Peer 1: 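Sending over a structure as structure tokens; questions will come in a sec.
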Amino acid sequence: MQFDPETESNRPENRLPQAPVVEDVDFVSVHQDRGARPLASNRGLEQHLIDARRDRVVSRLLDKGVIGEHQVKASWKEWQVLKKQDLRVPLWRVLAINPELDSQGIFIEAARLYAFTESVIEESAAIEFINQQRNSFSEEMWTEMVEHFILPVRREKDPSSGELKWIFVTHDPTRPEVHQIIQRLRVRRFELQFIKESLVGVLISSSFLGRNTFLERLNEQQTAVDMGLSYDQEDHLVDENALEAEISRSHLINLFEGALIEAVKLGASDLHIYPDADGKIQIHFRVDGELSEWHIEDRFRPEAFLAVVKDNSMNVDRFDRDIAQDGFIQRWIDDVLIRFRVSVLPIASPQQDMHAESVVIRVLDDRKVLTDLRQIGLLEDAYARFQKAIRQPHGMIILTGPTGSGKSTTLVAALHQVVTPKVNVLTVEDPVEYLMRGIRQIKLGPRLGLEGALRAILRHDPDVVMVGEMRDKETADLAIKLANTGHLTFSTLHTNDAPSAVSRLFKMGVEPFLIAYAINIVVAQRLMRKLCLSCKIPDPKPDFDFLRHLGFVDEDFYQATFYQAGGHEKCKTCGGSGYKGRRAIAETMLFTPKVRALILKASDSIDELRLRETAVEEGMTTLQSAARRLVLVGETSIEEAIRVTGT
């Protein structure tokens, strides 16, 4: 008998739970049914909370304490904007993109409400099944499934018919597009179940992300033999001919290319390559702000591997070993063009016959560019204050913090909030790290320095300007002049907190009245690692005296559970580090009339302590307070809070 997919999809065993979910319908109207909480029980709530209760998922989330009423209020306006744009998105989905909330918990409750079964799978078996079924569907269909986080994980007998059915899993089975994709697969019988998003990610990364063929070749090769490098013991000069012979071995090429690919796959921000005291090459990756050893190479002279790195870097001379050099690399990895910024420095070594150099390679992956400030992870009050500052027609926004605190990422996200075709946005950066659409990024060079570029910008009809860093009085004066002449100006400083940024500008020689009236806000930022959701554990014996010393109060001890990193070596989510991902914390010092008045009173110096006290009185949350709030909600540990903000 001829198989008709349309007929088969209507069989009882192939029907998906809750028909309204399958169809592309208005979820708002669907939720206004008998399952919604009676309006009478919500008397006393604000009207929009009463309306929100009509969304059965939101009502369930509120009842279970997954979300709070203040979070519903925060997302309500965004939902109203989407409705005006004729986008039929349920309120609970808007809540799911709020970085303050646990999106996975929201998806789980939505799936349970619509009667989807939670799938229990064994990772290794699911990965093996996926690999075995690669020929069951076209490459285009696999690509579409991966893009929408849908995967088949097994086939099992249907209890009613005894026939085999496909089991598909996804983290959000209520999406209409999920059901449309499965229908296009033309499978005879199937069931859609839900699992955690992190687990879907593990299955995809293990089954579909491109293999690192360079490392595979590296492991297949035999241990290299001594190439017999000779050194002139009198002059300590490398025999360049022997070095060339060693470089030509594919082992070193595969190691270098494999390191670049692996760094991208692991989400590393930097690679560190350097010879240690024993003459071995150390390769380290910085992931989530922490350096960790990735590989030690002891089969070749360090100069050989360093020469491979330099040969594969543009604008770097392999034979120049006594100066600092900067270069760049480009590679196509997983069909994406990844850029790498290379920095080479000569370093001292106990081995006199070695020309030691340290190489640090910054990974510039445009896929990591954040265009939404909410994705930075700022706490709600800091986010609101920052938004208020960047929505002003002119003035300066300054970000401060040490290297690696995410200042550039936040600046890029902030710029995307103000970019429109009607606005001329210019940036002056050295170097330009991320290329941004709709923004003219000025390229500095030997004939155009930072100061010259800023003077030229004044004649280039700008609306918004970003100055990579204010390094001296001349740069600061020009940036402040831009802010005072009707331009919205973004810039950075290297200071530890918000008040010290004001002090730094004062010490540079900028006049107090210019500082007071040019600046809208100073944001001091840090990045905190988040505890791994898969292996974090409650702290069995918190030291309450020490916690009080850190600023916690007794009330916190009764209302919160303190967590610590589990660090299980077998944890596939974090790889044993105990942490996965980072989010920003910030202290946002708005220049209110009181803050401006205090700066204007400065004579010989800025009173940073008084400035901080005034800013806190005006609503600023300090870095330490922000870190404590993340500890209290179980998102990070005491140890991480101390590491980032001190005691």
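Not measured: the values here are computed from a predicted model. FYI, side chains are in, hydrogens and waters are out, and symmetry mates aren't considered; it's all heavy atoms of this structure.
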Peer 1: Is there a donor-acceptor pair closer than 3.5 Å between any side-chain N or O of T492 and the backbone N or O of G468?
Peer 2: yes

Peer 1: Any donor-acceptor pair under 3.5 Å linking the side chain of S500 with the backbone of S503?
Peer 2: no

Peer 1: Please determine whether the number of non-hydrogen atoms from other residues, nucleotides or ligands lying under 6.0 Å from atom CD of E555 exceeds 12.
Peer 2: no

Peer 1: Is there a side chain to side chain contact (heavy atoms under 4.5 Å, CB included) between H272 and L291 once you walk through the steps?
Peer 2: CA-CA 9 Å; H272 290 242; L291 272 177; 3.5 Å; yes

Peer 1: Do I480 and M396 have side chains that get closer than 4.5 Å, going by heavy atoms?
Peer 2: yes

Peer 1: Would you check, one step at a time, whether the test ring pair (Phe, Tyr, Trp, His ring centres under 6.0 Å) holds for F552 with F562?
Peer 2: CA-CA 12 Å; F552 293 93; F562 294 89; 5.6 Å; yes

Peer 1: Using the test salt bridge (charged side-chain N to carboxylate O under 4.0 Å, His left out), find all partners of E608 that sit at least two apart in sequence or belong to another chain.
Peer 2: none

Peer 1: With sequence neighbours left out, what residues match D381 under salt bridge (charged side-chain N to carboxylate O under 4.0 Å, His left out)?
Peer 2: R629

Peer 1: Before giving the answer on side chain to side chain contact (heavy atoms under 4.5 Å, CB included), spell out for I361 and D270 the whole-Å C-alpha distance, their side-chain angles and the decisive distance to 0.1 Å.
Peer 2: CA-CA 5 Å; I361 302 176; D270 301 270; over 6 Å; no

Peer 1: Answer yes or no: is there a side-chain heavy-atom contact under 4.5 Å between L478 and R455?
Peer 2: yes

Peer 1: Please enumerate all residues that pass side-chain hydrogen bond (donor to acceptor under 3.5 Å, both in side chains) together with Q564, with sequence neighbours excluded.
Peer 2: none

Peer 1: Could you give the distance from CG (L271) to CZ (R362), rounded to the nearest 0.5 Å?
Peer 2: 11.0 Å

Peer 1: Nearest heavy-atom pair of S405 and P402: which atoms, and what distance?
Peer 2: OG-O, 2.7 Å

Peer 1: Determine whether more than 12 heavy atoms belonging to other residues, nucleotides or ligands lie under 6.0 Å from atom NZ of K530.
Peer 2: yes

Peer 1: Scan residues 586-601 for pairs that pass side chain to side chain donor-acceptor pair (under 3.5 Å), counting only residues two or more places apart or in two chains.
Peer 2: R385-T588, E587-R612, T592-E618

Peer 1: V502 pairs by side-chain contact (heavy atoms from CB on, under 4.5 Å) with which of L493, D607, I599?
Peer 2: I599

Peer 1: Using side-chain contact (heavy atoms from CB on, under 4.5 Å) as the criterion, point out the one residue from V464, V465, T410 that pairs with F490.
Peer 2: V464

Peer 1: Mind checking the CD1-CD spacing from I106 to E109? Nearest 0.5 Å is all I need.
Peer 2: 9.5 Å

Peer 1: Looking only at heavy atoms, which two atoms of G634 and Y563 are closest? And how far apart?
Peer 2: CA-CD1, 3.7 Å

Peer 1: I'd like to know if D288 pairs up with R529 as an ion pair, taking the criterion as any Lys NZ or Arg NE/NH1/NH2 lying under 4.0 Å from an Asp or Glu carboxylate oxygen.
Peer 2: no

Peer 1: Just how far is it from atom OG1 of T427 to atom CD of E429, taken to the nearest 0.5 Å?
Peer 2: 4.0 Å

Peer 1: For the residue pair H284 and Y274, does the interplanar ring angle fall in the parallel (under 30°), tilted (30 to 60°) or perpendicular (over 60°) class?
Peer 2: parallel

Peer 1: If you measure only the distance, is there a donor-acceptor pair under 3.5 Å linking the side chains of R391 and Q387?
Peer 2: yes

Peer 1: So do the side chains of L399 and L411 get within less than 4.5 Å of each other, counting heavy atoms only?
Peer 2: yes

Peer 1: Please confirm whether the backbone N or O of D497 pairs with a side-chain atom of T495, one donor and one acceptor, at under 3.5 Å?
Peer 2: yes

Peer 1: Salt bridge or not for R339 and D366, using N-O below 4.0 Å?
Peer 2: yes

Peer 1: Which class fits the ring pair F285 and W294: parallel under 30°, tilted 30 to 60°, perpendicular over 60°?
Peer 2: parallel

Peer 1: Checking the side chain of T475 only, and the main-chain atoms of R471 only, is there a donor and an acceptor separated by less than 3.5 Å?
Peer 2: no

Peer 1: Would the distance check show the side chain of D477 and the main-chain N or O of E474 forming a donor-acceptor pair, the cut-off being under 3.5 Å?
Peer 2: no

Peer 1: Is any side-chain heavy atom of N424 less than 4.5 Å from a side-chain heavy atom of R440?
Peer 2: yes

Peer 1: Under 6.0 Å between ring centres: does that hold for F328 and F340?
Peer 2: no

Peer 1: Start with the C-alpha distance between L488 and I397, add both sets of side-chain angles, then the distance that settles side chain to side chain contact (heavy atoms under 4.5 Å, CB included), and finish with yes or no.
Peer 2: CA-CA 8 Å; L488 188 63; I397 289 89; 3.4 Å; yes

Peer 1: Determine the minimum heavy-atom distance between T645 and L623, stating which atoms define it.
Peer 2: CG2-O, 3.9 Å

Peer 1: Are F386 and K388 side-chain neighbours, meaning at least one heavy-atom pair lies under 4.5 Å?
Peer 2: no

Peer 1: To the nearest 0.5 Å, how far apart are CG in L373 and OG1 in T409?
Peer 2: 11.5 Å

Peer 1: Extract all donor-acceptor atom pairs below 3.5 Å that involve side chains of residues 508-524 and protein atoms in other chains or at least two apart in sequence.
Peer 2:
{"from": "N520", "atom 1": "ND2", "to": "H394", "atom 2": "O", "distance (Å)": "2.9"}

Peer 1: Indicate yes or no for a side-chain donor-acceptor contact from H549 to the backbone of D545 under 3.5 Å, with no hydrogens or angles considered.
Peer 2: no

Peer 1: Would you give the length of the straight line joining atom OG1 of T400 to atom CD of Q525, rounded to the nearest 0.5 angstrom?
Peer 2: 9.0 Å

Peer 1: Just how far is it from atom OG1 of T621 to atom CE of M589, taken to the nearest 0.5 Å?
Peer 2: 14.0 Å

Peer 1: Are D63 and R60 ion-paired here, with the side-chain N under 4.0 Å from a carboxylate O?
Peer 2: no

Peer 1: Return yes if some donor-acceptor pair links the side-chain N/O of H487 with the main-chain N/O of L482 below 3.5 Å, else return no.
Peer 2: yes

Peer 1: For the residue pair K580 and L533, establish whether any side-chain heavy-atom pair is separated by less than 4.5 Å.
Peer 2: no

Peer 1: Does a side-chain N-to-carboxylate-O contact under 4.0 Å join R582 and E290?
Peer 2: no

Peer 1: Answer yes when E262 and K265 have at least one side-chain N-carboxylate O distance shorter than 4.0 Å, and no when they do not.
Peer 2: no

Peer 1: Looking only at non-hydrogen atoms, find the nearest pair between L378 and A586 and report the distance.
Peer 2: CD2-CB, 3.7 Å

Peer 1: So, does R526 use its side chain to make a donor-acceptor pair with the main chain of A627 at under 3.5 Å?
Peer 2: no

Peer 1: What heavy-atom pair brings L527 and V644 nearest, and what distance separates the two atoms?
Peer 2: O-CG2, 3.7 Å

Peer 1: Would V423 and V418 count as a side chain to side chain contact (heavy atoms under 4.5 Å, CB included) if you check the C-alpha gap in whole Å, the side-chain angles of each, and the deciding distance to 0.1 Å?
Peer 2: CA-CA 8 Å; V423 175; V418 299; 5.9 Å; no

Peer 1: What is the minimum heavy-atom distance between I585 and A626, and which atoms define it?
Peer 2: CB-CB, 3.9 Å

Peer 1: Excluding sequence neighbours, so at least two apart, what forms ring-ring contact (aromatic ring centres under 6.0 Å, His included) with Y383?
Peer 2: none

Peer 1: Are D543 and L547 packed together at the side-chain level, in the sense that at least one heavy-atom pair is separated by less than 4.5 angstrom?
Peer 2: no

Peer 1: Is there a side-chain contact between H494 and E469 in this structure, where contact means two heavy atoms from C-beta onward sitting under 4.5 Å apart?
Peer 2: yes

Peer 1: Working note: E635 + R583, criterion salt bridge (Lys or Arg N to Asp or Glu O under 4.0 Å); need CA distance, chi angles, decisive distance, verdict.
Peer 2: CA-CA 10 Å; E635 195 162 326; R583 69 175 292 174; 2.9 Å; yes

Peer 1: Is a side-chain N or O of S491 found less than 3.5 angstrom from the main chain of I398, in a donor-acceptor match?
Peer 2: no

